[in-house]
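Data first, discussion second: the structure below is written as C-alpha cells.
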There are 2 protein chains.
Amino acid sequence: MCQANRRENMRKTKEDALKTRENILNAATDLFSTKGVEATSLLEIANHADVTRGAIYWHFKNKCEIFEALHERMHQNFIQIVMEDLETDHPQPLKQMEAVCSRLLTSLNDDILKRQALTLFLMKCNYIGEFSDFVAKQKQCKTQAMMLLKQYLERAQKKGLLPADSDIDILMTSINCYLKGVLIIYLSDPDDFDIKDMAPKLMRLFFSKLA
Amino acid sequence: MCQANRRENMRKTKEDALKTRENILNAATDLFSTKGVEATSLLEIANHADVTRGAIYWHFKNKCEIFEALHERMHQNFIQIVMEDLETDHPQPLKQMEAVCSRLLTSLNDDILKRQALTLFLMKCNYIGEFSDFVAKQKQCKTQAMMLLKQYLERAQKKGLLPADSDIDILMTSINCYLKGVLIIYLSDPDDFDIKDMAPKLMRLFFSKLA
DNA sequence: TGACACATACATTCGTGTATGTATATATCA
DNA sequence: TGATATATACATACACGAATGTATGTGTCA
C-alpha cells in the first residue's frame, strides 16, 4: 500500500535509480534515433523520460556520456549475439551466414529498441568534437568484425564452397556493403519496407550467386 | 589599378555577389559534410567563407534555405547526369548500368565537392523541424529513380539478358541497397577505401551474377 | 545522521534573427 | 556626359531565447 501511494518526490531505492537510468537511456535512444544526437537537448530527454535534467546530470556527466553508455549497451546486446552465432563451426558456412543476416534483419521488425539503436549508430551520429574519441572505437569494432568475416570466408573457400579464385577481400567488402545498404534503406523508412518478406529474398539473391 | 587596390568594404558587382553566394554554399557543403547540418552554425559558415553572417542573411533566409539551395544544386549537377546516361537505349543495358555505377563511384575520387555533397545528403542530414519539407521531395526523387531503374531492368529482361523468372522488384531493391552501401562505406572513410580500384571490381562481382 | 537520488534555481554562453549603418554600383535625369 | 538618387551587398550592433553546467535545496533510504 505504501508502494501504491508513493508521492512524487519520494527518494528512490537503488533499483528505482537503475530504472530511471534505463528510462533516460531509452528516452535518449528514441530521441537520438529520430532527431539526431546534436539536435536533441538534455531537456527533451528529461521530459521524455519523465524526470528533470537534474536526474540526467546525476547519472551522466553530459550528453556525450549518455551516448557512450548507449554505445556500450549496444555493443553488449548486439555484436555479441552475431559473434557467437558465427563462431560455432558449421558445415555450410555460407548458408549459416545467410541465415544469420536474414535473422538479424527480420528480428528488427519487432524489436523497436534494437531498430532505434541501429538507426542511431548507423545513421544519426557524426563523431565530432567531444565525440571524436568514438571514431577509434568504432573503427576497432569494424576491423574486428571484418576479420571474423574474412576467416569465415576463408573457411568456406577451403571447404570448396567458394571458387578457389574468389578474391576474399572483395567478397568481404561486397557483403559488408550489401548488408549495410539493406539496413540503412530499411531503417530510413521502416514502414515502406516489409523487412520480414524482403530480407530472406534479398539475402538469397546475394548469397545464391556466390557459390 | 582601381581593380587591384579595391578596399575591403567596396560594394560588389553582381557577379561578385554571385561568387560570394557560391563561396557560402561551398563553405556550407564542406562544414555540413564533416560536422553535420545541425552542428554547424551560420557563424562558422561565414568565417569559412570569409564573410560575416550579414552576407549569409542577405543571400539566404536561414540555414534551411542554404540547405535547400544545396539540394537544388545537387539535383541539377548530379541526378541529371546519371539520368541522361541511362535514358539512351543501349544494346546491353546491364553492361551499361554497371558502367554507369562504376563511373559514378570512381568519379568521386577526384571530385571533392561532389563527394562532400553526397556525404551531406546521404549521411549527414536528418529531416526534422523546418527540414521536414524535404522528406517528400527526397521521396519523390527516390521513387522517380526507382521507376527508371525498373523500366531499365524490364527492358533487359525482355531482351533476354535476365532470367525470365527474375523478380524485378527484388532485383531493383537489391541494386539500390548495394550501390547505397558501397557509397556510404566509401564516403564514411574515403582514405581507407581505394574506390578507383574497388568500384569496378565490386560492380563486376554484383552484375556478373545477375545474368 | 549522513549519503543518496534527485528537483529547483541561477549564471553563462552560444546561436539566431533583426535592425541599422555604410560604401559603392547602377539607374535616372538633366 | 556628368550629377544625383536609389538600390545593392554587405558589415556591425543589438536583443532574445535556448541550452548547458553548476550550485543549492529537499526529502528519504540505509
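Just so we're on the same page: letters track the sequence lines, and every chain starts at 1.
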Original post:
Between D:dG21, C:dA25, C:dC6, which nucleotide has the shortest distance from any of its atoms to the side chain of B:Thr13?
Top reply: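 For B:Thr13, the side-chain atoms sit closest to C:dA25.
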Subject >> Nucleotide of D:dA30, C:dG17, D:dA9 approaching B:Lys14 most closely (side-chain heavy atoms) >> reply: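 Shortest atom-to-atom distance from the side chain points to D:dA9.
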Over how many whole Å does the gap from [X] atom [atom1] to [N] atom [atom2] extend?
X       : N      : atom1 : atom2 : value
B:Asp16 : D:dT8  : CG    : P     : 16 Å
B:Leu42 : D:dA11 : CG    : C1'   : 15 Å
A:Glu15 : D:dC29 : CD    : C1'   : 13 Å
A:Leu43 : D:dG21 : CG    : P     : 13 Å
A:Leu18 : C:dA5  : CG    : C1'   : 12 Å
B:Glu38 : D:dA19 : CD    : P     : 11 Å

Subject >> Residue from A:Asp30, A:Thr29, A:Asn26, A:Thr34 passing side-chain hydrogen bond (donor to acceptor under 3.5 Å, both in side chains) with A:Gln116 >> reply: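 Option passing the side-chain hydrogen bond (donor to acceptor under 3.5 Å, both in side chains) with A:Gln116: A:Asp30.
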Looking at [X] and [Y], does any basic side-chain N land under 4.0 Å from a carboxylate oxygen?
X        : Y        : value
A:Asp133 : A:Lys137 : no
B:Lys35  : B:Glu44  : yes
B:Glu130 : B:Lys63  : no

Subject >> OP1 or OP2 of D:dC10 under 4.0 Å from side-chain N/O of B:Thr20 >> reply: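 So the side-chain polar atoms of B:Thr20 do come within 4.0 Å of the phosphate oxygens OP1 or OP2 of D:dC10, strictly under.
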**OP:** Mind running a 4.0 Å heavy-atom check of residues 45-68 of chain A against DNA chain D and sending the residues that fall below it, in number order?
**Re:**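 Contacts with DNA chain D under 4.0 Å: A:Arg53, A:Tyr57, A:Asn62, A:Lys63.
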Subject >> Between B:Thr119 and B:Lys124, a side-chain donor and acceptor under 3.5 Å >> reply: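 Side chains of B:Thr119 and B:Lys124: no pair found under 3.5 Å.
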Subject >> Side chain proximity check, B:Arg21 to B:Phe60, heavy atoms < 4.5 angstrom >> reply: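 Yes, their side chains come closer than 4.5 Å.
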